[in-house]
Amino acid sequence: MGKVYVFDHPLIQHKLTFIRDKSTGTKEFRELVDEISTLMAFEITRDLPLMEIEVETPVQVAKSNVLAGKKLGVVPILRAGIGMVDGILKLIPAAKVGHIGLYRDPETLQPVEYYLKLPSDVEERDFIVVDPMLATGGSAVEAVNSLKKRGATKIRFMCIIAAPEGVEALQQAHPDVDIYIAALDEKLNEKGYIIPGLGDAGDRLFGTK
Ligand code: PRP
Ligand code: URA
């Protein structure tokens, strides 16, 4: 079963409060999502492998660590996942970025794929699929299906707010995928929105409605 990690760092929790707040406008919402994504990227990269090299300090040669050059891929689920990409790339600028376009049919809540573009060396990369919201889990499950179909084998899922229903659905469908979240909320309402959540992440990020 995929593990669930809740990043309850005080800075993440603080910023999360303000993206929940309905009076937070688009500009500030976007900035906060960007900052939370950077902080989450810091946590999720804790286990990146290192290798030792020699570096010449002004005093003498020292042995010191650098990243071992792991190939990473970040895949935002469009639209709202886009809001998390720059914040992640601030810390791991060499990561390649794929895109998967999915929207939830408002009637059935089923995900519909409308776009897919991934790095060419899919088999060699460790992927982080990102989306601010994990609600029913339909979009996340479908995004991981799509990546696996193209040859990806190492996939993690990172979101800001998750509902227990979505976590369970993703764990059931993809027990090999670990899930990283900033907050595990209470439940879904009858329209598939996360309670208390933050409303529609895509609309709040891009100012649409
Ligand atoms: C939202 C959100 C997730 C999805 C989560 O996207 O960004 O992708 O819903 O819901 P689920 O877990 O029930 O699938 P939406 O479909 O509203 O599309 P958008 O990002 O284009 O607004
Ligand atoms: N998608 C959102 O943007 N918000 C929710 O609460 C659920 C799905």
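Quantities reported herein were computed from a predicted structural model and do not represent experimental measurements. We count ligands from 1, going down the list as the structure has it; atoms in each ligand are counted the same way.
Within the 4.5 Å cutoff, no side-chain heavy atoms of L170 are placed close to those of E168. Taking the side chain as every heavy atom from C-beta outward, L102 and Y115 never approach each other to under 4.5 Å.
At least one N or O atom of G137, backbone or side chain, sits closer than 3.5 Å to an N or O atom of ligand 1. Between I77 and ligand 1, no pair of N/O atoms sits closer than 3.5 Å. The shortest N/O to N/O separation between Y114 and ligand 1 does not fall below 3.5 Å. Backbone and side-chain nitrogen or oxygen atoms of Y103 are examined, and none is located within less than 3.5 angstrom of a nitrogen or oxygen of ligand 1.
In terms of protein heavy-atom proximity, atom 15 (P) of ligand 1 is closest to R104 N, 4.3 Å. Of all protein heavy atoms, the one lying nearest to atom 13 (O) of ligand 1 is T136 OG1, 2.5 Å. Atom 8 (C) of ligand 2 has as its closest protein heavy atom R104 NH2, 3.5 Å. From the protein, the heavy atom lying nearest to atom 22 (O) of ligand 1 is R79 NH2, 2.9 Å. Shortest contact from atom 6 (O) of ligand 2 to any protein heavy atom: I194 N, 2.8 Å. Among all protein heavy atoms, the one lying closest to atom 17 (O) of ligand 1 is D200 OD2, 4.1 Å. Protein heavy atom nearest atom 5 (C) of ligand 2, with residue, atom name and distance: Y193 CD2, 3.5 Å. When only non-hydrogen protein atoms are considered, atom 4 (C) of ligand 1 lies nearest to S139 OG, 3.6 Å.
For atom 1 (C) of ligand 1, the protein comes within 4.0 Å by no heavy atom at all. Protein heavy atoms are absent from the space less than 4.0 angstrom from atom 6 (O) of ligand 1.
Residue F42 qualifies as open at atom CZ: its count of foreign heavy atoms under 6.0 Å is 12 or below.
When only modelled atom types and interatomic distance are considered, E113 and S146 share a side-chain donor-acceptor pair under 3.5 Å. For R204 and T24, the side-chain atoms include no donor-acceptor pair closer than 3.5 Å. Under the 3.5 Å distance criterion, with hydrogens and angles disregarded, no donor-acceptor pair is assigned to the side chains of R30 and T26.
Taking every heavy atom of M133 and a limit of under 4.0 angstrom, the matching atoms of ligand 2 come to 2 (C), 3 (O), 4 (N), 5 (C), 6 (O). Of all the atoms in ligand 2, the ones that sit under 4.0 Å from a non-hydrogen atom of G192 are 7 (C). Within the listing of ligand 1, atoms 12 (O), 14 (O) sit less than 4.0 angstrom from a heavy atom of G138. Per-residue contacts place A135 under 4.0 angstrom from the following atoms of ligand 2 (heavy atoms of the residue considered): 7 (C), 8 (C). The M133 neighbourhood of ligand 1 comprises atoms 3 (C), 5 (C), with distances under 4.0 Å to a heavy atom of that residue.
Using a distance-only test at 3.5 Å, with no hydrogens or angles considered, a donor-acceptor pair links the side chain of T38 to the main chain of G87.
At a 4.0 Å heavy-atom cut-off, ligand 1 touches A80 through backbone and side chain alike.
Taking only non-hydrogen atoms, the option from A163, A201, G199, G197 nearest to atom 4 (N) of ligand 2 is G199. Of the options L134, L188, D131, the smallest heavy-atom separation from atom 3 (C) of ligand 1 is shown by D131.
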Quick one, D131 with R79, criterion salt bridge (Lys or Arg N to Asp or Glu O under 4.0 Å). Give me CA distance, side-chain angles, the key distance, then yes/no. CA-CA 9 Å; D131 191 322; R79 290 177 295 166; over 6 Å; no

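A salt bridge is defined here as a Lys NZ or Arg NE, NH1 or NH2 lying under 4.0 Å from an Asp or Glu carboxylate O, and D178 with K154 fails to meet this definition. Of the charged side-chain nitrogens involved, none lies within less than 4.0 Å of a carboxylate oxygen, so that D34 and K15 do not count as a salt-bridged pair. Salt-bridge annotation for K71 and D126: absent, with no side-chain N of the basic residue lying under 4.0 Å from a carboxylate O of the acidic one. The pair R156-D176 does not count as a salt bridge, with every side-chain nitrogen at least 4.0 angstrom from each carboxylate oxygen.
Ligand 1 lies nowhere less than 4.0 angstrom from a heavy atom belonging to G166.
Minimum heavy-atom separation, I155 to V129: CG2-CG2, 3.8 Å.
For Y180 and F7, the distance between ring centers is under 6.0 angstrom.
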